[in-house]
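Please read the structure below before turning to the comments.
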Amino acid sequence: MKDETGNLYIADALIALSILFIALLMLNSLVSIPNPTYSDISHDSKDAQDIMEILGGRVDFYDHSFLSEITSVLKDNRNSKKSIREVSEICDEKFSELKLTNYRFVESNKLDSKVLSSSGDFSKAETISVATRNFDGYSYTLYLW
């Protein structure tokens, strides 16, 4: 009789441990599954900010940022049409270098919301990531979609 009871306790313990092991595996798989909506939203909100950080950043104190270069072109030529065309060409080159496809780059303070560079159909944009940087009185806004 004692041997039969011992076997029953061992079988009962093995079943309980296997149920516990399965529950832990299920919990682990639920925790490790990424939530795609959260990661997509956070990624989209950082796109324009990241690009503007690149455009406004300098390597050292003697280096000029992209925003300082286009601002000096506009400022030196007193926002003339020629300087706006030159800045537009510089922007087009820079954004193609960054491999951006759907964007709009606007100066909204001194040039009355003049579009300096653009690519893609802005009217069909569904989710737009926006970043603004100010440099020496000029306010540059980048829209990405």
Side-chain angles (χ1 to χ4, degrees), residues 6-145:
N7 289 335
L8 199 57
Y9 285 134
I10 291 174
D12 189 34
L14 287 175
I15 291 172
L17 286 175
S18 62
I19 290 173
L20 182 64
F21 182 70
I22 290 171
L24 286 174
L25 284 176
M26 289 174 52
L27 180 67
N28 186 29
S29 66
L30 285 175
V31 169
S32 65
I33 295 174
N35 186 351
T37 56
Y38 176 73
S39 63
D40 289 344
I41 290 169
S42 65
H43 178 69
D44 288 343
S45 69
K46 292 183 180 178
D47 282 346
Q49 294 293 336
D50 292 342
I51 298 297
M52 283 301 269
E53 282 296 318
I54 292 169
L55 298 177
R58 296 187 293 175
V59 177
D60 56 28
F61 292 114
Y62 305 109
D63 192 22
H64 296 285
S65 69
F66 174 78
L67 295 180
S68 69
E69 287 178 26
I70 62 174
T71 300
S72 66
V73 170
L74 291 170
K75 203 172 189 179
D76 292 345
N77 297 311
R78 297 189 175 139
N79 302 328
S80 67
K81 289 182 180 181
K82 180 184 176 192
S83 67
I84 293 172
R85 277 193 303 272
E86 185 179 341
V87 166
S88 292
E89 290 173 6
I90 294 170
C91 290
D92 290 341
E93 289 175 12
K94 184 66 169 182
F95 293 132
S96 68
E97 194 178 290
L98 293 172
K99 295 181 175 62
L100 298 179
T101 54
N102 296 316
Y103 64 89
R104 178 177 278 191
F105 189 65
V106 177
E107 197 294 317
S108 55
N109 191 26
K110 303 257 184 173
L111 302 178
D112 297 325
S113 297
K114 175 76 175 164
V115 177
L116 298 175
S117 183
S118 148
S119 175
D121 191 1
F122 189 67
S123 63
K124 293 182 181 178
E126 293 180 12
T127 56
I128 300 173
S129 176
V130 181
T132 301
R133 294 290 185 277
N134 296 313
F135 191 86
D136 203 14
Y138 290 84
S139 180
Y140 301 103
T141 303
L142 176 65
Y143 302 91
L144 294 177
W145 63 94

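In this chain, numbering begins with 1 at the start of the sequence shown.
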- Message: Run the side-chain contact (heavy atoms from CB on, under 4.5 Å) test against S68 and tell me which residues pass, sequence neighbours left out.
- Response: H64, S65, F135

- Note on the structure: residues 88-106 vs salt bridge (charged side-chain N to carboxylate O under 4.0 Å, His left out), sequence neighbours excluded, gives K94-E97

- Name all pairs fulfilling the salt bridge (charged side-chain N to carboxylate O under 4.0 Å, His left out) condition that reach into residues 8-20, sequence neighbours left out, sorted by first residue then second. none

- Message: Determine whether M52 and Y140 satisfy the following criterion, side chain to side chain contact (heavy atoms under 4.5 Å, CB included), listing intermediate values before the conclusion.
- Response: CA-CA 9 Å; M52 283 301 269; Y140 301 103; 4.1 Å; yes

- Item | Distance in Å, Y143 OH paired with D47 CG, rounded so as to fall on 0.5 Å steps | 16.0 Å

- Item | Among T71, N79, L111, V73, the one residue meeting side chain to side chain contact (heavy atoms under 4.5 Å, CB included) with V87 | V73

- How would you list, by chain and number, every residue that makes a side-chain contact (heavy atoms from CB on, under 4.5 Å) with S123, sequence neighbours excluded? D121

- Straight-line distance of L116 CG to L74 CG, nearest 0.5 Å: 6.5 Å

- Listed partners of F66 passing ring-ring contact (aromatic ring centres under 6.0 Å, His included), at least two apart: none

- Name all residues meeting the side-chain contact (heavy atoms from CB on, under 4.5 Å) criterion together with S80; count only those two or more places apart in sequence or in a different chain, and write none if there are none. N77, K82, S83

- Return the set of residues passing side-chain hydrogen bond (donor to acceptor under 3.5 Å, both in side chains) with N134 (not counting sequence neighbours), or none when no residue passes. S139

- Message: Under the criterion side chain to side chain contact (heavy atoms under 4.5 Å, CB included), I'd like the reasoning laid out for Y138 against L67: C-alpha separation, chi angles, the key distance, then a yes or no.
- Response: CA-CA 9 Å; Y138 290 84; L67 295 180; over 6 Å; no

- Task: Would you check if S108 and S113 make a side-chain contact, meaning some heavy-atom pair closer than 4.5 Å?
- Result: yes

For residues 17-30, dump all side-chain donor-acceptor pairs below 3.5 Å to protein atoms at least two apart in sequence or in another chain.
from, atom 1, to, atom 2, distance (Å)
S18, OG, L14, O, 3.2
S18, OG, I15, O, 2.8
S29, OG, L25, O, 3.4
S29, OG, M26, O, 2.8

- Any salt bridge (charged side-chain N to carboxylate O under 4.0 Å, His left out) involving residues 107-118? Give me the pairs, sequence neighbours left out, ordered by first then second residue. none

- Quick one: list whatever passes ring-ring contact (aromatic ring centres under 6.0 Å, His included) with Y103, sequence neighbours left out. F95

- Message: By the salt bridge (charged side-chain N to carboxylate O under 4.0 Å, His left out) test, which pairs, at least two apart or in different chains, include something from residues 130-142?
- Response: E53-R133, K75-D136

- What distance separates L100 CG from L144 CG, expressed to the nearest 0.5 Å? 6.0 Å

- Interatomic distance, C91 atom SG to I70 atom CD1 [nearest 0.5 angstrom]: 4.5 Å

- Gap between atom CD1 of I51 and atom CZ of F105 - 0.5 Å precision: 11.5 Å

- Task: Can you sort out the partners of T141 under side-chain hydrogen bond (donor to acceptor under 3.5 Å, both in side chains), two or more places apart, ordered by chain and number?
- Result: T132

